[in-house]
Enquirer: 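Quick one: the structure is below, questions incoming.
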Amino acid sequence: MDEFATKVLEEKENFAKGEGKEKILLEYISANPTGPLHIGHARGAIFGDALTRIGRHVGYDVVTEYYVNDAGRQINLLGLSVYLAAREILGLDVEWPDEYYRGDYIKDLAREAIEKFGKDYFQEPVKIVEKNGKKEGVFEDENLSLWAKDKMLEVIKNDIKALNVTPFDNWVSERELYKYWDEVREILEKNGALYEKDGKVWLKSSEYKDEKDRVVVREDGRPTYLAGDIIYHWDKFKRGYDKYINIWGADHHGYIARVKAAIKFLGFDPEKLEILLSQMVKLLKGGEPYKMSKRAGNFILVRDVVEDVGADALRFVFLTKKADTHLEFDVDDLNKQDASNPSYYVNYAHARIRSIFRNKGIDYDDIKNVELKDLTSDEKDLLFLALQLPYVLEDAFSSREPHRLTNYLIDLASEFHSFYNKNKVIGSDRENERLKILAVVGSIIKLGLSLLGIKAKEKM
RNA sequence: GCGUCCGUAGCUCAAUUGGAUAGAGCAACGGACUUCGGAUCCGUAGGUUGUAGGUUCGAGUCCUACCGGACGCGCCA
C-alpha cells in the first residue's frame, strides 16, 4: 500500500490515468437552438460531461459532439416568434397563432432584431391560416430565422460554459447534412430499405424492432426529421469510431428503434451505437410541481440556477443519482447551503485536510517519502478506500454511471471525517504516517471532484 | 389500447450488475474533546424492497400477472 500511496502523491492529477482504449464519439445535449438551456437539459449536459472527463482520464479517446437542429419547423417558428414580438414592441397590430415561442429571451431577441434589420422590416403583418383546426402563422423569411438561431446558439454555448461543461469538439449542423440525402437515399434503396406508398417514401423500420414503418420523404418531396438523423448517423459511422454514444432525453426513447433500424439498413452495426437516456427532472418549487414548457416560456433557466447556487452544487446533486431514473427535487432546496447538500460534505473533508497542512506549514510533497508501516486498522481502512479510485473510475465509465464516483467520494469523505474525529494527526506519535495518508486522501478527493467537473475547495 | 422505463425508511436517493444482516443524507430523538475547522463525529428509532406467484444453493436485482406512476405511440424536432 505504501508504494501506491507514494504513487498518488507523485503522479498527482495524473494518477490512475490510462491510454490507448477505444475511440468513442459521444453526442449529447443537442438541444434545439430555439431557446436557452433549461434545467432539464442540464442533467444530460452534466451527465455527458462527467462521462467525458472520466473516460478521457482512464484512457478512452472520447470525442464530443453537439447536433444542431437548425432546419425545419421549429427554426421557422423561432423566426416567426421573434417577428411577432418585434411587431408588438413597435406597437403594430399582432394576431397571435396557436403556437409560438414566448419568454423574455424572445423579447430580447426581438429588440436586437429591430436594431439589426430596421423597423421597416417588420411592417408586413403575418398571415394566419387555419390548419387542422389550429391557427398557424405563415412565415417564410429564413434570414431572420437563421439569425435568431445563431444568436440562440451563442446563448447555449454560454450556458454550457456556465455549467462548466468541457467545450464540445464538434458542432454538426443538420441543415448542412441534407446535401448528402441523395447519396444516403441511394444506399438505403440499394439495401432494400425503402418503398413508396401514398406518394411518400417509407423506411421499413418495422423489420427491425420498430412498431411501424416511418416516412422519410413527405408527399411534397421534403425529407423528414428522421431522414436528417439517418444522414447524421451515416456520417458518424463513416468517421470510423469503435463506439457511438448518444445521450437523449428519456422522452425520446421511442425513437431508438427506428434509428437503429436505419443504421442496419445503411450496412453498419447498430450494436456500436449505445443510447443512454437521461430521465426527466421533476421540479418542485415550494412543494408544488413546477411545470416546464418551452413554448409557454415558464421554464427554469440553467443560467439562473447557476447564478443562484453555482455550477458545482448543481453538478453534484445530479451526479449523485443515476441518470436514467426519475429525479425529483425542490428548486428551493438548491438555495439551502447547508448539510443537506452533499457537495459541502465532500468539500469540507478536502478543506479540513488542506487546513491541517496549512497549520503544519508543509505540503503533500514534503511527506511523500515517509514510509508507511505498522498501520493501525483505522489508518489502513482509510488508505485502502482512497486507493480504490482507479477501480471506481474504470467501473463508473464502463457502466456509464458516473454517480458511482460521486457516491464513492461521499464514502471516502465519511471515512475521513470519522477518522479525523477519532485520531489526532498533528502532535501524535504517528504524525508523519497520518499526514501522508491524509495527503493521499486529499489528492484523491481533489482528483475525483475534478473528474466530476467540480473544483475542490481549499477553504470554505 | 399498445410500447418503453420506473416503484426501496416519513422525504430524496444508494446497493460492487444474481451474493452474506438492504445502506446514506434530510427530518425526529439522545450524546461528544472549549476543536489539527462542530458545515464534523457517535448512537437510537425508522423496511415483509408496490402486490401475488415463479426460476435457484441464493432475488431489491431475472420471469409472469396485477396495482400505481412517468414517458412515448407526428409526415414536430
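Sequence lines set the chain letters: A, B, ... in the order given, protein chains first and strands last, and positions in each chain run from 1. As a basis for the values below, the full set of heavy atoms in this structure was taken, side chains included, without hydrogen atoms, waters or symmetry mates.
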Enquirer: Pull up the glycosidic torsion of U17(B) and say syn or anti, syn being anything within 90° of 0.
Expert: syn

Enquirer: Could you tell me how far A27(B) sits from G10(B) if I compare only their C1' atoms? Round to whole Å.
Expert: 8 Å

Enquirer: Glu95(A): which residues meet the salt bridge (charged side-chain N to carboxylate O under 4.0 Å, His left out) condition with it, sequence neighbours left out?
Expert: none

Enquirer: For nucleotides 44-47 of chain B, give me every protein contact, N/O to N/O, under 3.5 Å, one pair per line with atom names.
Expert:
none

Enquirer: With respect to the side chain of Asp251(A), which nucleotide from C36(B), G72(B), C76(B) is positioned closest?
Expert: G72(B)

Enquirer: Go through G37(B), C41(B), G74(B) for me and flag the one nearest to the Lys212(A) side chain.
Expert: G74(B)

Enquirer: Taking all atoms of both residues into account, what is the closest heavy-atom pair of Tyr364(A) and Ala439(A), and its distance?
Expert: CD2-CB, 3.5 Å

Enquirer: Is it true that Glu211(A) and Arg258(A) make a salt bridge, defined as a side-chain N closer than 4.0 Å to a carboxylate O?
Expert: no

Enquirer: Want to settle it: does Asn421(A) or Glu211(A) sit nearer the 5' end of RNA chain B, counting the closest nucleotide to each?
Expert: Asn421(A)

Enquirer: Who passes ring-ring contact (aromatic ring centres under 6.0 Å, His included) against His417(A), sequence neighbours left out?
Expert: Tyr345(A), Tyr348(A)

Enquirer: Provide the distance between the two P atoms, one in A59(B) and one in U16(B), to the nearest whole Å.
Expert: 16 Å

Enquirer: Locate the shortest heavy-atom distance separating Val346(A) from Ala413(A); write the atom from each residue and the value.
Expert: CA-CB, 4.0 Å

Enquirer: Using the C1' atom as the point on both nucleotides, what is the distance between U40(B) and C33(B), in whole Å?
Expert: 12 Å

Enquirer: What about His253(A), does its side chain sit under 3.5 Å from the base of C71(B) through a donor-acceptor pair?
Expert: yes

Enquirer: Under 4.0 Å, counting only non-hydrogen atoms across every strand here, what does Ala71(A) touch: a base, just sugar-phosphate, or nothing?
Expert: sugar-phosphate

Enquirer: More than 12 heavy atoms of other residues, nucleotides or ligands under 6.0 Å from OH of Tyr255(A): yes or no?
Expert: yes

Enquirer: Mark up nucleotides 5-24 of chain B, 5' to 3', with B wherever a protein heavy atom is under 4.0 angstrom from a base atom, S wherever such an atom reaches only the sugar-phosphate, and - elsewhere.
Expert: -------SSSS-B-------

Enquirer: Taking the P atom of each, how far is A14(B) from G50(B), in whole Å?
Expert: 14 Å

Enquirer: Under the rule for salt bridge (charged side-chain N to carboxylate O under 4.0 Å, His left out), what residues qualify as partners of Asp381(A), not counting sequence neighbours?
Expert: none

Enquirer: Determine which pairs satisfy side-chain hydrogen bond (donor to acceptor under 3.5 Å, both in side chains) with at least one residue from residues 383-397 of chain A, sequence neighbours left out, and list them in order.
Expert: Lys21(A)-Glu394(A), Asp395(A)-Arg404(A)

Enquirer: Tell me which nucleotide among C36(B), A77(B), C71(B) gets nearest to the side chain of Tyr255(A).
Expert: A77(B)

Enquirer: Among residues at least two apart in sequence or on other chains, which ones pass ring-ring contact (aromatic ring centres under 6.0 Å, His included) with Phe316(A)?
Expert: none

Enquirer: Does the ring of Tyr348(A) lie flat against the base of U40(B), closer than 5.5 Å centre to centre with planes under 30°?
Expert: no

Enquirer: Starting from Watson-Crick (N1-N3 plus N6-O4 or O6-N4) and G-U wobble pairs under 3.5 Å, report the runs of at least three that RNA chain B belongs to.
Expert: B:1-7 with B:67-73, B:10-13 with B:23-26, B:28-32 with B:40-44, B:50-54 with B:62-66

Enquirer: Counting the atoms with a prime plus P, OP1 and OP2 as sugar-phosphate, which does Tyr391(A) contact under 4.0 Å by heavy atoms, base, sugar-phosphate, or nothing?
Expert: nothing

Enquirer: By side chain to side chain donor-acceptor pair (under 3.5 Å), which residues pair with His403(A), not counting sequence neighbours?
Expert: none

Enquirer: Return the set of residues passing ring-ring contact (aromatic ring centres under 6.0 Å, His included) with Phe237(A) (not counting sequence neighbours), or none when no residue passes.
Expert: Tyr244(A), Phe268(A)

Enquirer: Mind checking if Asn423(A) touches a base, just sugar-phosphate, or nothing, with heavy atoms under 4.0 Å?
Expert: base

Enquirer: Kindly point out which of A39(B), C36(B), C73(B) is positioned nearest to the side chain of Met460(A)?
Expert: A39(B)

Enquirer: Picking from G37(B), C33(B), A77(B), which would you name as closest to the side chain of Ile356(A)?
Expert: G37(B)

Enquirer: Could you tell me how far G23(B) sits from C67(B) if I compare only their C1' atoms? Round to whole Å.
Expert: 28 Å

Enquirer: Quick one: which residue pairs count as a side-chain hydrogen bond (donor to acceptor under 3.5 Å, both in side chains) with a foot in residues 440-459 of chain A, not counting sequence neighbours?
Expert: Arg354(A)-Glu458(A)

Enquirer: When you get a sec, tell me which of C41(B), G72(B), C76(B) is the closest nucleotide to the side chain of Gln74(A)?
Expert: C76(B)

Enquirer: For the base of G72(B), is there a side-chain donor-acceptor partner from His252(A) under 3.5 Å away?
Expert: no

Enquirer: Please give the distance between the P atoms of G46(B) and C41(B) as a whole number of Å.
Expert: 23 Å

Enquirer: Taking ring-ring contact (aromatic ring centres under 6.0 Å, His included) as the test, write out the residues that go with Trp171(A), two or more places apart.
Expert: Tyr66(A), Phe168(A)

